[in-house]
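In listed order, ligands and their atoms are each counted from 1.
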Amino acid sequence: MPKILVTGGTGYIGSHTVVELLEEGMEVVIIDNLSNSEREVLHGIAAITGTEPHFEEVDLRDRNATYGVFDLHPDIEAIIHFAAFKAVGESVEKPLDYYENNLLSLIHLLEAMNKFKVDNLVFSSSCTVYGEPDVLPVTESAALKKAGSPYGNTKKISEDILQDTMRSLKGKGVISLRYFNPIGAHPSAKIGELPLGTPNNLVPFITQTAAGIRESLSIFGDDYNTPDGSAIRDYINVVDLALAHVKAIRRLLDQKQLSAFEVFNLGTGKGLSVFEIIKAFEKTTGEKLNYKVVGRREGDIEKVYADTSYANSELGWRAEKGIEETLQSAWNWEMNIRSKNKRT
Ligand code: NAD
Ligand code: UFG
């Protein structure tokens, strides 16, 4: 069974992907510096799968330490690169931290791929590269817009770096996965999203509000040009998202990719408004949410949702889980961490 290196593997999407890789019988080596995750996540992964992944506490900005992991595991066949800083607002405050972390980590990994002869990479990109799309649903061939934040720009630049690098190298394959809005948690509630401090994202803010940790949810704008006035996104279950990574790895290892650099949208294909998410959450969990409408959040776009037909036909993947099941999983996870009293 192939050995896969997962950077950022104790993080939110990484941990769910590690579970699915282990369930497939693959061997997993995680690199994470624990800057935005906890070692305890490894116990959650082991509790679900019955298997402990290898774990290397390494900062990818440290080239020698990164190379050390490849020395230790010379049989790594493919890499899934999740590790990055991801807070849009923070990236505006600290742009150089974002460029340094997100770009240097990628460059070191590409150098390691060369040096240690690893041919396959899956990269975590984002629908943020499309900005406010001209046509919906948005396809992979849509024009890329100027990034709305330094974080978004690191994704755009990373894709450029990958494309240029692949052009110069023979026999390597890269798949860039553009995630829409990942939400929810593993159905076991043993792993999930652990935002530090006040969440920026909608669903963790909803679950923390329902749990009484936050007083009220602010809805950022009800004057958009959408049926109910609130903004529309494509919310994708994190387990569905994780499964797409398994497909991408299989595609690379089977050398079925048609070109050296491929891009896939990962979403459900369906747009939901903020009000629709709130209603679905209240319906499925029976919890009543306190919320108020406030002004628009700077930098937000009006609506974006994916055309997933390329991922459906070429990757053989589609999102399976419905929004209520997904929101219920987020709520189960929230209650689980609350019962462990891990967050105040
Ligand atoms: P996360 O913060 O939960 O996970 C990222 C992990 O990377 C963390 O465990 C962190 O400790 C680790 N990390 C960061 N810098 C590192 C470094 N220099 N060396 C080693 N480890 C490092 O984030 P996530 O939500 O799981 O996101 C994973 C990837 O998906 C990121 O690249 C993110 O930009 C991308 N993405 C996320 C979303 C989203 O909404 N969550 C949307 C689109 C794209
Ligand atoms: N929203 C609220 N109140 C909140 C939080 C969010 O009304 O407290 C609204 C936002 O205005 C937006 C929607 O809920 O309309 C979703 O917001 P999120 O912050 O959850 O997600 P975004 O679409 O803004 O951003 C996410 C990731 C980014 C990534 C982007 C595109 O957080 O990292 O998707 O991939 F760049």
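- Residue Ser125 touches ligand 1 through its backbone alone, judged by heavy-atom distances below 4.0 Å.
- Short contacts between ligand 1 and Ser124, defined as distances under 4.0 Å to a heavy atom of the residue, involve ligand atoms 29 (C), 30 (O), 32 (O), 35 (C).
- Taking every heavy atom of Gly8 and a limit of under 4.0 angstrom, the matching atoms of ligand 1 come to 6 (C), 7 (O).
- The heavy-atom pair separating Val239 from His16 by the smallest distance is CG2-CD2, 4.1 Å.
- Ligand 1 has an N or O atom lying under 3.5 Å from an N or O atom of Lys155, backbone or side chain.
- Closest to atom 10 (C) of ligand 1 among all protein heavy atoms lies Asp32 OD1, 3.4 Å.
- Within ligand 2, counting atoms from 1 as listed, the ones closer than 4.0 Å to a heavy atom of Asn181 are 21 (O), 22 (P), 23 (O), 26 (C), 34 (O).
- Between Phe82 and Phe123, the gap from one ring centroid to the other reaches at least 6.0 Å.
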Given Phe264 and Tyr310, is the ring pair (Phe, Tyr, Trp, His ring centres under 6.0 Å) satisfied, shown in steps?
CA-CA 7 Å; Phe264 292 98; Tyr310 189 55; 4.8 Å; yes
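- Residue His81 does not touch ligand 1, judged by heavy-atom distances below 4.0 Å.
- Counting heavy atoms from C-beta on, the side chains of Ser149 and Tyr98 never come closer than 4.5 Å.
- Considering backbone and side-chain atoms together, Phe205 places no N or O closer than 3.5 Å to any N or O of ligand 2.
- One option in Thr17, Asn36, Leu196 has a heavy atom closer to atom 1 (P) of ligand 1 than any other, and that option is Asn36.
- Residue-level proximity to ligand 1 for Ser35 is carried by backbone and side chain together, each with a heavy atom below 4.0 angstrom.
- The proximity of Thr128 to ligand 1, defined as any non-hydrogen pair under 4.0 Å, does not occur for either the backbone or the side chain.
- In this structure, the protein non-hydrogen atom closest to atom 20 (O) of ligand 2 is Leu202 N, 2.9 Å.
- For the residue pair His245 and Ile80, the shortest heavy atom distance occurs at CD2-CG2, 3.8 Å.
- Remark: distances from the non-hydrogen atoms of Asn201 to ligand 1 are all 4.0 Å or more.
- Among the atoms of Tyr12, some N or O lies under 3.5 angstrom from an N or O of ligand 1.
- Counting heavy atoms under 4.0 Å from ligand 1, residue Leu34 touches it through the backbone alone.
- Cluster annotation: Met335 and Ile183 are assigned to the same hydrophobic cluster (Ile/Leu/Val/Met/Phe/Trp/Tyr, side-chain heavy-atom contacts under 4.5 Å, transitive).
- An N or O contact shorter than 3.5 Å is missing between Pro182 and ligand 1 by distance.
- Under a 4.0 Å criterion applied to the non-hydrogen atoms of Ser105, ligand 1 contributes the atoms 18 (N).
- Nearest-heavy-atom check against atom 36 (F) of ligand 2 across Val304, Ile301, Thr128 picks out Thr128.
- In the vicinity of Val58, heavy-atom distances shorter than 4.0 Å reach the ligand 1 atoms 19 (N), 20 (C).
- By the 3.5 Å distance cut-off applied to N or O atoms, Tyr179 is not counted among the residues near ligand 1.
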